Amino acid sequence: MPEGPIIVILKEEVDALHLVGKKVLRISGTNTIDDDRIIGQKVLAIKTYGKNFLICFEYFTLRVHLMMFGTYAINQRKETKLQLSLQFEDAELNFYTTSLKIIDEDLDDVYDWKSDIMAEAWDPKAALKKIQAKPKALAADVILDQNIFTGAGNIIKNEVLYRVKIHPLSRVGAIPVEKLKELIKEVRNYSFDFLKWKKAKVLTKNFKIYEHKPGDDKIKGWVKEPLGKGKRITYYNPETQIKYE
DNA sequence: GGGCTTGTTACTGT
DNA sequence: TACAGTAACAAGCC
């Protein structure tokens with residue numbers, strides 16, 4: 001269930017519980033993290049970094065990553081195997097199928113907030129620099145690169161490339177700088193559309209190319225292919241998306 | 001029931 | 001040694 005905007009929604013829901021200053025009273029679940037370190041700790045802040053959900057305590061941070069199939073439930077439980085339950089005096093946070101990690105370092109030393117597509121600190125100039133440093137990379141791979149666009153995922157990749165009319169197999173070094181800037185801007189723009197639409201439960205309705213299906217012939221000549229490093233499914237329209245190479 | 005998928009990491013081999 | 005490529009892992013939907 002991830003991609004940056006969804007983690008922002010998770011944070012908003014957790015913020016509504018006003019956990020800052022509250023202590024973790026109990027922990028349960030199948031996780032292998034050290035319960036004793038967390039029990040009794042006071043929450044200092046709730047943050048997000050791309051697809052990472054962060055619960056900050058005094059001496060460390062608990063990082064929750066939902067990976068591909070992770071889910072959560074607030075003040076209720078699901079049928080499936082409970083991985084981590086953090087219980088507070090009057091609230092409960094439950095996570096399923098996540099990747100958990102304790103971060104001992106200062107977050108500012110570990111994360112570059114400027115690369116988080118959802119963050120206030122987002123800096124398009126930094127993204128441009130990083131892209132220009134790897135001219136041979138493909139447009140499809142660059143958007144998924146978490147060091148450049150922290151929080152972008154496969155949906156964002158497909159929709160953004162379609163919007164800016166760039167072929168996924170374009171070499172970024174061949175894309176004119178102004179066009180690259182447009183791409184970078186649109187990653188941010190679309191992510192906020194994603195956030196808005198997800199909240200209104202109309203995200204999938206607004207997919208322009210992602211999950212395009214046969215018979216759904218609004219886009220003539222569209223294709224679906226596994227492309228790029230991770231061979232992630234890519235939907236695109238070779239007739240309108242220009243291949244820079 | 002097999003084949004997919006909003007993701008990442010640890011291996012492998014060149 | 002660095003890198004690209006692959007396997008592995010997870011759960012739920014069709």
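None of the values given here were measured: they were computed from a predicted structure. Lettering follows sequence order; numbering is per chain, from 1.
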Could you measure between the two C1' atoms, the one in C:dG5 and the one in B:dT6, and give it in whole Å? 23 Å
Using Watson-Crick geometry (N1-N3 plus N6-O4 or O6-N4) or G-U wobble (N1-O2, O6-N3), each under 3.5 Å, B:dT9 is paired with C:dA7
Please report, rounded to the nearest Å, how far the C1' atom of B:dT9 is from the NZ atom of A:K101. 11 Å
Parallel, tilted or perpendicular for A:Y111 and A:Y49, by the 30°/60° rule? parallel
Please give, in whole Å, the distance from B:dT5 P to A:K231 NZ? 14 Å
Atom CZ of A:R232 to atom C1' of C:dT6: distance rounded to whole Å? 15 Å
Does a side-chain N or O of A:S99 approach OP1 or OP2 of B:dT9 to a distance below 4.0 Å, or not? no
A:Y96 side chain N/O closer than 4.0 Å to the phosphate oxygens (OP1, OP2) of C:dA11? no
To the side chain of A:M67, which of B:dT5, C:dA4, B:dG7 is closest? B:dG7
Crowded around A:K196 NZ? As in, over 12 foreign heavy atoms under 6.0 Å? yes
Distance in angstrom units between A:L100 CG and B:dT9 C1', rounded: 15 Å
Roughly how far apart, to the nearest Å, are B:dT8 and C:dC13 at atom P? 22 Å
Nearest of C:dG12, B:dT8, C:dA10 to any side-chain atom of A:Q146? B:dT8
Of the listed nucleotides B:dT6, C:dG12, C:dA4, the one nearest the side chain of A:T80: C:dG12
What is the nucleic acid contact for A:I233, judged by heavy atoms within less than 4.0 Å: base, sugar-phosphate only, or nothing? sugar-phosphate
Side-chain N or O of A:K51 less than 4.0 angstrom from OP1 or OP2 on B:dG7? yes
Hey, is A:E245 close enough to A:R171 for a salt bridge, meaning N to O under 4.0 Å? no
For residues A:I6 and A:L10, determine if any side-chain heavy atom of one lies less than 4.5 Å from a side-chain heavy atom of the other. no
Is there a Watson-Crick or G-U wobble partner for C:dG12 with both distances under 3.5 Å, and if so, which one is it? B:dC4
Measure from CH2 on A:W197 to P on B:dT6 and round the result to the nearest Å. 18 Å
Separation of B:dT5 atom P from A:K157 atom NZ, nearest Å, is 11 Å
In terms of relative ring orientation, are A:F194 and A:Y190 parallel, tilted or perpendicular, with 30° and 60° separating the classes? perpendicular
On a whole-Å scale, what distance lies between the P atoms belonging to B:dC11 and C:dA10? 16 Å
Whole-Å gap separating P (B:dG7) and CZ (A:F149): 15 Å
Select base, sugar-phosphate, or nothing to describe what A:K224 touches, counting heavy atoms under 4.0 Å on all strands. sugar-phosphate
Please state how far atom CG in A:N158 lies from atom P in B:dT5, giving the value in whole angstrom units. 11 Å
If the plane angle is over 60° it's perpendicular, under 30° parallel, otherwise tilted; pick one for A:F95 and A:Y72. tilted
Taking only side-chain N and O atoms of A:H65, does any of them lie within less than 4.0 angstrom of OP1 or OP2 on B:dG7? no
